[in-house]
Amino acid sequence: MPQIKRKSHEVEAALEEDVEIQGKRFRLYFQNRYTILSLAVDLLTGFFYILGSVAALTPIPDRVGMYFYLTGSIFLAIRPILRIIKNIFIYDDLKVEKANKSASK
């Protein structure tokens, strides 16, 4: 049987944007919570569009399928909002100045 080589990932001190899920034996470490949210939104978008398509093919009232499509469209709109939030950084200049003054003393 062939040997499988596994690459290891050294986990640094947890950053604020990282997510770690601890289990009994294993732990999942995600390097960016916005990536996880984006993937979850993508999955939900596909799920609601599939439900809308199935509803259109069955005798379910058209209104139900329209709600599924509308929900999927909302998730499509959430995706770029998450990317914008991920790429915005807010710096508190007053806090940095205070930290610099106290460090220089």
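Since the structure is predicted, the reported quantities are computational estimates derived from the model, not experimental observations. Note: hydrogens, waters and symmetry copies are ignored here, and every other heavy atom, side chains too, is used.
When the side-chain contact (heavy atoms from CB on, under 4.5 Å) test is applied to Leu57, no partner is found at least two apart in sequence or on another chain. Residues meeting the side-chain contact (heavy atoms from CB on, under 4.5 Å) test with Leu76, sequence neighbours left out: Thr45, Tyr49. Partners of Tyr69 under the side chain to side chain donor-acceptor pair (under 3.5 Å) rule, at least two apart in sequence or in another chain, are Ser53. Applying the side-chain contact (heavy atoms from CB on, under 4.5 Å) test to Gln22 and every residue at least two apart in sequence or in another chain returns Glu20, Arg27. For Ile85, the side-chain contact (heavy atoms from CB on, under 4.5 Å) criterion is met by Tyr34, Ile81, not counting sequence neighbours.
Under the 4.5 Å side-chain heavy-atom criterion for ILVMFWY residues, no single connected hydrophobic cluster contains both Ile60 and Met66. Leu43 and Ile78 fall into different hydrophobic clusters, defined by Ile, Leu, Val, Met, Phe, Trp and Tyr side-chain heavy atoms under 4.5 Å apart, directly or through other members. Tracing side-chain contacts under 4.5 Å through hydrophobic residues (I, L, V, M, F, W, Y), one reaches Phe68 starting from Phe47; they form part of the same cluster. Taken together through direct or relayed side-chain contacts under 4.5 Å among Ile, Leu, Val, Met, Phe, Trp and Tyr, Val64 and Phe48 form part of one hydrophobic cluster.
In this structure, Gly65 and Ala55 approach most closely via the heavy-atom pair CA-CB, 3.6 Å.
Residue pairs meeting the salt bridge (charged side-chain N to carboxylate O under 4.0 Å, His left out) criterion with at least one member in residues 41-55, sequence neighbours excluded, are Asp42-Arg79. Among residue pairs with one or both ends in residues 56-67, none qualify as salt bridge (charged side-chain N to carboxylate O under 4.0 Å, His left out); sequence neighbours excluded.
Summarising the hydrophobic clusters (Ile, Leu, Val, Met, Phe, Trp, Tyr; side-chain heavy atoms under 4.5 Å, direct or chained), the residues clustered with Val54 are Ile50.
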